[in-house]
Amino acid sequence: MIEELVGETATRVRELSGASWSEVPGRELHGVLRQLEELSRTLEAVSAAGAAEAAARAERAGRSLTSAATGLGRELGLTAGQCRSRIEAGRREGTSAMDAHRRGRITAGQERAIADAVAELPDGTPEEARRDFSRHLTGLAEGGMSVRAITAAAARELAAADPGRLDRLEEQQQKRRELRNNRPGLDGLSSVGITCEPRLQALLAAVIARFGAPGQCMATPMDPAPGEPAEPGTGTPADHGGLAESDTHTAGQRAYDALCHVLALGLAVEPSATRGVAAVVVRLTPEQLDAVENGEQGGLVVTDGGAQLSAAQAVSLAGRRSWFLSALRDGREELRRIDVDRGHDRRLASAIQRLVLYAAHGGCTYPGCERPAAGCHAHHVVEWSEGGPTTVSNLALVCPIHHGWIGTGPDSWRTVPDRARPGMPRWIPPGTPARAA
């Protein structure tokens, strides 16, 4: 039966591969693509069930799971690791996530993230509670939440449900952390392996966000002097844009150069250097700070680079550095002895204003965007060219992609202040009449 169905499916797929997409009417194209994506996900789930059956037969014949995965990989042209992932997914029959995957509602990555999260529930958790947790995460996945966001949400809920979890995790992280610097080869290159706990993840994310952009480490541009033009959102001189355009390095090479730059700063600080080291910004509530002072983990927080760690780990990152504490209430900044909006007649947001924006928004304000704050621009909700001031109440974090969507043309998005949520903009889709907005 299955052989016949696979044969019929293969025939139809071959016909589909020869069809012309230009024949699909424009109004139907997205719907057809959606159907095709759901079908692809369903086929992934069906293939996983088949891989699980093949592994079960091999194990009944006396072979190990590793041997079964290796043999199946040779047959399918996949690695043993890929086959093992499929086998494990196929064995998760009956879960709400796998059912949603079979219906094409979620991806294999989302299903695997949900399964990993459910497996982290404490021993002794009732089966009904496990099913409820799985259904809850599956609902988030079906609503469009990414694998990364699902993992972060699950981590927060696991920490809230198990007060001792973060203590155990940090103990495990400290035991497993290591750096392995291998011996150089004849070409002078060596590989470095790092198993890093959240604090190093946060530091690396901050370094790469600060110094890993195109053109950043090709030279050592000076910070702009007051009144000097600069690239929007970077604090870098405008003529640095030429360096960015000519930078042909890969993202990995730029990250490597950024790390080298910061390590060099740590070994020798030149008096003439104006570029500071990268900063890590973390949003903490007063309750979390109180918990840390009482020797507790304080729950999970997220840095402006997107790294997730406990409040205690975040506090330990500060060391002897200065702290800037700020609050945003109903869209209004509450900072004492610091004039956040000083120099509001300048176009570029100040470093302090960006800190307050992170405290308010956490990342890109476009609905559904997960770009963390360190990778965002400070956008004027009411455009600077239209008289919008450079104040916290008129600024919003926007990632470079969605920043490019904003404009005045008929196909552009617009942002307007939201009276119901001071400090947060409303995003108006293209073609929306002014009265409706």
Can you classify the ring geometry of Trp405 versus His402 as parallel (below 30°), tilted (30 to 60°) or perpendicular (above 60°)? perpendicular
If only atom types and distance count, is the side chain of Arg41 paired as donor or acceptor with the main-chain N or O of Arg105 below 3.5 Å? yes
Glu111, Glu44, Glu38, Glu142 screened by salt bridge (Lys or Arg N to Asp or Glu O under 4.0 Å) with Arg103, the one that passes: Glu142
Any Lys/Arg nitrogen of Arg34 or Glu28 sitting under 4.0 Å from an Asp/Glu carboxylate oxygen of the other? no
Is any NZ, NE, NH1 or NH2 atom of the basic residue among Glu15 and Arg12 found under 4.0 Å from an Asp or Glu carboxylate oxygen of the other? yes
State whether the side chain of Glu53 and the backbone N or O of Gly50 hold a donor-acceptor pair below 3.5 Å, judged by distance alone. no
How far apart are the closest heavy atoms of His380 and Gly388, and which atoms are they? CD2-O, 3.7 Å
With no hydrogens and no angle check, is any side-chain donor or acceptor of Thr125 less than 3.5 Å from a backbone partner on Leu121? no
Checking Gln110 side chain against Met145 main chain: does a donor-acceptor pair fall under 3.5 Å? yes
In terms of side-chain heavy atoms, does Ser64 have a donor or acceptor partner in Glu59 at a distance below 3.5 Å? no
Between the side chain of Asn394 and the main-chain N/O of Val382, is any donor-acceptor distance below 3.5 Å? yes
Which heavy atom of Trp21 sits nearest a heavy atom of Leu29, and at what distance? CE3-CD1, 3.6 Å
Where the side chain of Ser134 meets the backbone of Arg130, is there a donor-acceptor pair that is under 3.5 Å apart? no
Measure the OH-OG1 distance between Tyr366 and Thr415 for me, rounded to the nearest 0.5 Å. 13.0 Å
For atom CG of Asp123, decide whether the heavy atoms of other residues, nucleotides or ligands shown that lie under 6.0 angstrom number more than 12. no
Among Lys175, Arg176, Gln173, which residue meets the side chain to side chain contact (heavy atoms under 4.5 Å, CB included) test with Glu197? Gln173
Full working for salt bridge (charged side-chain N to carboxylate O under 4.0 Å, His left out) between Arg112 and Glu88: CA-CA 9 Å; Arg112 185 165 56 252; Glu88 291 173 351; over 6 Å; no
Closest approach of Ala378 and Ala349, non-hydrogen atoms and distance? CB-CB, 3.6 Å
Is a side-chain donor or acceptor of Thr365 paired with a backbone partner of Leu397 at a separation under 3.5 angstrom? yes
How long is the straight-line distance from NE2 of His377 back to CG of Leu395, given to the nearest 0.5 Å? 13.5 Å
Using every non-hydrogen atom in the two residues, find where Arg254 and Gly212 come nearest and quote the distance to one decimal. NE-O, 3.0 Å
Is Glu170 paired with Arg168 through a side-chain N to carboxylate O contact shorter than 4.0 Å? no
Counting only heavy atoms from other residues, nucleotides and ligands, does the tally under 6.0 Å from CD1 of Ile401 exceed 12? no
Measure from the side-chain N and O atoms of Asp247 to the backbone N and O of Pro214, and report whether any donor-acceptor pair falls under 3.5 Å. no
Applying salt bridge (charged side-chain N to carboxylate O under 4.0 Å, His left out), run through Arg165 and Glu120 and close with a yes or a no. CA-CA 10 Å; Arg165 174 179 170 79; Glu120 286 292 312; 3.2 Å; yes
For Glu296, which residues count as a salt bridge (charged side-chain N to carboxylate O under 4.0 Å, His left out) partner, sequence neighbours excluded? none
How about Glu75: does its CD atom have over 12 heavy atoms from other parts shown lying under 6.0 Å from it? no
Is a side-chain donor or acceptor of Thr70 paired with a backbone partner of Thr66 at a separation under 3.5 angstrom? yes
Are the side chain of Gln288 and the backbone N or O of Gly299 linked by a donor-acceptor pair below 3.5 Å? no
